Amino acid sequence: MSDQADNLRQLIDEPSPHVITAAPGPPMIAVTSGRAGVGVTTVAANLAAVFADRGARVLLIDAVQQHSNLAEIAGVNWTKTEHTLADVLAGKCTLAEAMSRGPGGTMFLVNRPSRRSQTEFSRHAQQGLLAELQSIGDSIDLLVVDMGSGLTAWSRRLWLRAQLVLLVTTSDSSALMDSYATIKRSVADGIGPDIRLVVNQCDDDGVAADAHRRLSDACCRFIGRTMPAFPPLPRYVAESHAHSWPRVWETPNTPFGHAALWLGRAVSDLLTGIQADSDCATACGEPDRMETSSSTARCLDEAIR
């Protein structure tokens, strides 16, 4: 745990810049995680399809910087698309020209499933993309962005643009530690959107609730905020003839499909103001500012475990 503790100490010592408000335009849901392999891409694809099924005009964006497989999970052959995210970032086409048909009635901004260069994801290129996203409200009601794992210069700007961040984790203790580190980093960076936890690949509601409690208690104790959670998602058990990824638009009458529909409803409720944001100051008060960084890292490890 020494590496985790060192990371947490670094986060605690970093300054906190001012919060930047989200830009206008269609609401954006950013789907991310603290580590790879917890199902971010699966959640993003299925959530977008659920909203499209509810009648929303949804743009699903593959914004993973490296090794993306959203097109494969979504059942889209990216080689047959005329334009990709890289073309938009490079100014070779407009966002509207790059959008293609995606899963479950969505529109899709495809990415290349290979290692991308830093030039493609430069600040200037991303600012151009964000400006275009701001102007498509006449044709798109909602943006769902697969951001992959971790906070980078690229993903920070997407967090700032988002109205809601879904932080996907599993019930594994190390995954929860990585989730906490991501939350802590966002607080240190002054990133303002509402963050909600989604416990994925968990068949036991009690286990999911316990994972949520451990992470929320740690956040409440050490950074002075609660961490609300959306309904968990179970593991997907593929049928003999099916692919290995859940696709709610193809198999809605499965445990995963039912859970995805409930998740979509909960997200919709929050975005339309039915669910109120948690009041951190009332729920858990101010954190103890006199704790040392080393004791904080040690207590965090105990709290999550």
Side-chain angles (χ1 to χ4, degrees), residues 3-4 6-38 40-41 43-44 59-70 84-92 95 98 109-136 143-169 175 177-196 223 225:
D3 290 342
Q4 301 247 13
D6 290 340
N7 290 337
L8 292 171
R9 295 186 192 105
Q10 181 181 358
L11 292 172
I12 290 165
D13 293 336
E14 287 180 349
S16 299
H18 297 293
V19 173
I20 302 175
T21 57
M28 176 189 289
I29 301 171
V31 187
T32 188
S33 67
R35 65 174 355 180
V38 298
V40 170
T41 298
V43 173
L59 175 59
L60 175 62
I61 302 174
D62 185 351
V64 178
Q65 285 185 274
Q66 295 182 358
H67 310 300
S68 168
N69 65 339
L70 178 56
T84 68
L85 172 66
D87 297 321
V88 179
L89 293 174
K92 296 179 180 179
L95 176 63
L109 182 56
V110 178
N111 207 342
R112 290 196 292 259
S114 60
R115 189 178 184 88
R116 263 75 66 176
S117 69
Q118 292 300 315
T119 303
E120 286 184 0
F121 290 93
S122 69
R123 181 183 183 89
H124 176 75
Q126 190 176 25
Q127 286 175 336
L129 172 65
L130 293 175
E132 289 211 56
L133 291 175
Q134 182 176 330
S135 65
I136 61 170
L143 308 170
V144 177
V145 185
D146 175 11
M147 298 202 316
S149 60
L151 268 175
T152 65
W154 164 266
S155 60
R156 281 186 183 94
R157 291 190 285 270
L158 290 173
W159 277 51
L160 288 168
R161 169 60 178 82
Q163 280 69 44
L164 175 64
V165 173
L166 296 191
L167 184 64
V168 181
T169 185
M177 286 288 289
D178 289 337
S179 296
Y180 174 84
T182 299
I183 297 165
K184 178 67 179 180
R185 173 75 70 178
S186 74
V187 172
D189 287 352
I191 301 176
D194 192 352
I195 305 174
R196 297 293 171 110
I223 57 178
R225 63 180 297 173

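Owing to the predicted nature of the structure, the values given are computational and were not obtained by experimental measurement.
Contact annotation: the side chain of Arg161 approaches that of Leu143 to within less than 4.5 Å [non-hydrogen atoms, C-beta and beyond]. Considering only heavy atoms from C-beta on, Asp62 stays 4.5 Å or farther from Leu85 through its side chain. Residues Val64 and Leu70 have side chains not in contact (no heavy-atom distance under 4.5 Å, counting atoms from C-beta outward). Within the 4.5 Å cutoff, side-chain heavy atoms of Thr32 are placed close to those of Leu167.
Distance check, rounded to the nearest 0.5 Å: CG of Leu133 to CD of Gln126 gives 9.5 Å. In this structure, CG on Leu129 lies 5.5 Å from CH2 on Trp154, to the nearest 0.5 angstrom. The distance from atom CG of Leu158 to atom CG of Leu151, rounded to the nearest 0.5 Å, is 10.5 Å. Atoms CE and OG1, from Met147 and Thr152 in turn, are 8.0 Å apart once rounded to the nearest 0.5 Å. Note: Ile195 CD1 to Arg225 CZ = 4.5 Å, rounded to the nearest 0.5 Å. Atom CG in Leu109 sits 7.5 Å away from atom CG in Asn111 (nearest 0.5 Å).
Counting all heavy atoms, side chain and backbone alike, Gln134 lies closest to Pro26 at O-CD, 4.3 Å. Nearest heavy-atom pair across Val88 and Glu132 is CG1-OE2, 4.0 Å. Counting all heavy atoms, side chain and backbone alike, Ser149 lies closest to Gly34 at CB-C, 4.3 Å. Residue Arg156 comes nearest to Arg185 through the heavy atom pair NH2-CD, 3.6 Å, listed as atom of the first residue, atom of the second, then distance.
Under the side-chain contact (heavy atoms from CB on, under 4.5 Å) test applied with Ser33, the options Val43, Thr169, Val38 reduce to a single match, Val38.
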Exercise. Any chance you could lay out the side-chain contact (heavy atoms from CB on, under 4.5 Å) test for Thr41 and Asn69, step after step, and finish with the verdict?
Key: CA-CA 8 Å; Thr41 298; Asn69 65 339; 3.9 Å; yes

Practice problem: Check step by step if side-chain contact (heavy atoms from CB on, under 4.5 Å) holds for Val31 and Asp146. | Solution: CA-CA 5 Å; Val31 187; Asp146 175 11; 5.5 Å; no

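Put simply, the side chain of Asp87 gets close to the backbone of Thr84: a donor and an acceptor are under 3.5 Å apart.
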